[in-house]
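Shown next, in structure tokens, is the structure this report addresses.
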Amino acid sequence: MKRRTPVYINILIVLGLLLVVFYMFSQTSDFLTSRYFLGTALISIIVVFIQTAIGDLIENEKFKKLTDAEKAAYLKEKNVPYFQYLWNGAFKSQSEKEEKDILIDHGFDGIMELDNQLPKWWLGLFYFGVAYCILYVSSYFLTDFAHPYKEYDQEYKEQIAAVEDYMKTVPQATIETAKFSEDNVEEGKVIFQTNCVTCHGEGGKGGIGPNLTDGFWINQPEKTLFKNVFYMVENGSKNNPTMQAWGKNGILTGNDIEKVAAYVYHINQEQAPITPAQGGAAPQGTEAHWEKSN
Ligand code: HEC
């Protein structure tokens, strides 16, 4: 007669499984105080007790049918503490007689194969894995428990909001603080391609708006080239509303203007002008004599 698992271990296993399943569906530990969890736990514990009571009855009936020697052996075994019994069981090997019973006819070169039972803990884990897998896959596809797209959307929105918040507080360059930096040229080019290229042409060669690569300028409110561009992008042209006030109108931030101004400075000062012969617009305004520092 096999020894049975004590009731408290069964209760612990059931509670453990309930914790896993409830956590899987709620994703927080709030369920611990919920009526559903406590109710399910209570009912499960009662079921375990009922199952144990039925087991006791069956055990008693079987016990009565044992011979005296078997009864003594069974009682002796039952006196060993449960965990010690499990521990011993892990190292128990079959007797010669038992081995004969489970010998498979696969002998080769004197090596024998035994049809051993799989260990209980292994089977337990295996069945748990299968049940968990079925539960997980079916709830993933059939219920509302996992919604990766919704979660992605939510996180995406939160991040965009966080970036906007950050942009509101991040210090923005002003015409006083802005400086030319080589590092801004690449990003400035992207801003130029998005906002300015329609009028000022590829590489600033001019079109509806003037050629930005030559030395002639209609508007010269500032003394240095970099600040002049910053001023024009921030405030637009007083004489010609086609060139709008990108900064004042809230389309570009101070930091964006600092970058696009760096790009315009770069194509004007660090590259050869695109002349009319090369497809550039003819010079407009007067020749500028910029002060060196930017
Ligand atoms: C809708 C067409 C248009 C767009 C888009 C535009 N501009 Fe202009 N831009 C003009 C016109 C037209 C002028 C000439 C204004 C004037 O006559 O005073 C001008 C003038 C300028 C000037 C002064 C040039 C000078 O000779 O005085 C700068 C610098 C400039 N734009 C930079 C930019 C930048 C940088 C952008 C992108 C953020 C941009 N512009 C977008 C049309 C445009």
Side-chain angles (χ1 to χ4, degrees), residues 153 156-294:
D153 230 43
Y156 177 75
K157 279 191 194 129
E158 279 169 15
Q159 277 186 8
I160 295 288
V163 170
E164 267 170 21
D165 272 0
Y166 173 75
M167 291 309 284
K168 271 184 212 144
T169 54
V170 75
Q172 294 290 340
T174 63
I175 192 149
E176 285 85 28
T177 61
K179 278 198 177 58
F180 170 77
S181 156
E182 204 66 63
D183 298 340
N184 283 337
V185 170
E186 272 307 308
E187 278 184 78
K189 183 175 180 178
V190 176
I191 298 172
F192 189 88
Q193 304 278 17
T194 317
N195 300 289
C196 325
V197 85
T198 41
C199 294
H200 288 284
E202 202 54 49
K205 68 184 164 102
I208 299 167
N211 189 332
L212 296 176
T213 68
D214 63 18
F216 289 79
W217 288 71
I218 307 168
N219 303 275
Q220 301 185 18
E222 294 283 326
K223 293 196 182 69
T224 69
L225 172 61
F226 180 78
K227 294 244 151 123
N228 200 65
V229 176
F230 195 108
Y231 181 96
M232 288 305 297
V233 180
E234 186 172 33
N235 302 293
S237 165
K238 287 190 183 64
N239 316 313
N240 187 344
T242 317
M243 173 63 190
Q244 64 160 315
W246 298 84
K248 291 264 155 76
N249 293 349
I251 302 171
L252 295 180
T253 64
N255 290 347
D256 288 338
I257 301 177
E258 187 178 36
K259 287 172 187 158
V260 80
Y263 175 69
V264 174
Y265 181 91
H266 167 76
I267 56 176
N268 190 280
Q269 295 290 298
E270 300 176 344
Q271 287 183 349
I274 305 176
T275 62
Q278 293 163 321
Q284 285 174 273
T286 56
E287 190 167 12
H289 302 282
W290 303 118
E291 283 178 15
K292 264 286 158 234
S293 82
N294 50 60

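All ligand and atom numbering here is 1-based and tracks the order in the structure.
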Closest approach of Pro276 to Pro283 (non-hydrogen atoms, all atoms of both residues):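 What the structure gives for the nearest pair is CG-CD, 4.4 Å.
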Decide whether an N or O pair under 3.5 Å exists between [X] and ligand 1.
{"X": "Val264", "answer": "no"}
{"X": "Thr198", "answer": "no"}
{"X": "His200", "answer": "yes"}

Can you check which of [options] brings a heavy atom nearest to [atom]?
{"atom": "atom 43 (C) of ligand 1", "options": "Gly188, Cys199, Pro221, Gly204", "answer": "Cys199"}
{"atom": "atom 17 (O) of ligand 1", "options": "Leu225, Asn195, Ile218, Asp214", "answer": "Ile218"}
{"atom": "atom 24 (C) of ligand 1", "options": "Phe216, Trp217, Tyr265, Phe192", "answer": "Trp217"}

Per-atom contacts, ligand 1 versus [X] - under 4.0 Å to a heavy atom:
{"X": "Asn240", "answer": "12 (C), 15 (C), 16 (C), 17 (O), 18 (O)"}
{"X": "Gly209", "answer": "10 (C), 11 (C), 12 (C), 42 (C)"}
{"X": "Ser237", "answer": "15 (C), 16 (C), 18 (O)"}
{"X": "Trp246", "answer": "4 (C), 5 (C), 6 (C), 38 (C), 39 (C), 41 (C)"}
{"X": "Ile208", "answer": "12 (C)"}

Determine whether [X] and [Y] make a side-chain contact, defined as any pair of heavy atoms from C-beta on separated by less than 4.5 Å.
{"X": "Gln172", "Y": "Met167", "answer": "yes"}
{"X": "Leu225", "Y": "Trp217", "answer": "yes"}
{"X": "Val264", "Y": "Phe226", "answer": "no"}
{"X": "Tyr263", "Y": "Ile191", "answer": "no"}
{"X": "Glu182", "Y": "Glu270", "answer": "yes"}
{"X": "Glu291", "Y": "Lys227", "answer": "no"}

So which bit of [X] gets within less than 4.0 Å of ligand 1, heavy atoms only: side chain, backbone, both or neither?
{"X": "Asn228", "result": "neither"}
{"X": "Cys196", "result": "both"}
{"X": "Val233", "result": "side chain"}

Identify the closest protein heavy atom to [atom]: which residue and atom is it, and at what distance?
{"atom": "atom 22 (C) of ligand 1", "answer": "Leu212 CD2, 4.1 Å"}
{"atom": "atom 14 (C) of ligand 1", "answer": "Pro210 CD, 3.4 Å"}
{"atom": "atom 10 (C) of ligand 1", "answer": "Met243 CB, 3.4 Å"}

Could you tell me whether the side chain of Asn211 and the main chain of Ile274 form a donor-acceptor pair under 3.5 Å?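 Side chain of Asn211 to backbone of Ile274, a donor-acceptor pair under 3.5 Å: yes, one is there.
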Would you say the side-chain atoms of Asn268 pair up with the backbone N or O of Asp214, donor to acceptor, closer than 3.5 Å? yes
Counting backbone and side-chain atoms alike, is an N, O or S atom of Thr242 positioned under 2.8 Å from atom 8 (Fe) of ligand 1? no
Full working for side-chain contact (heavy atoms from CB on, under 4.5 Å) between Ile175 and Glu222: CA-CA 10 Å; Ile175 192 149; Glu222 294 283 326; 3.8 Å; yes
Do Thr242 and Asn240 have a side chain donor and acceptor closer than 3.5 Å?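 Asn240 and Thr242 do have a side-chain donor-acceptor pair below 3.5 Å.
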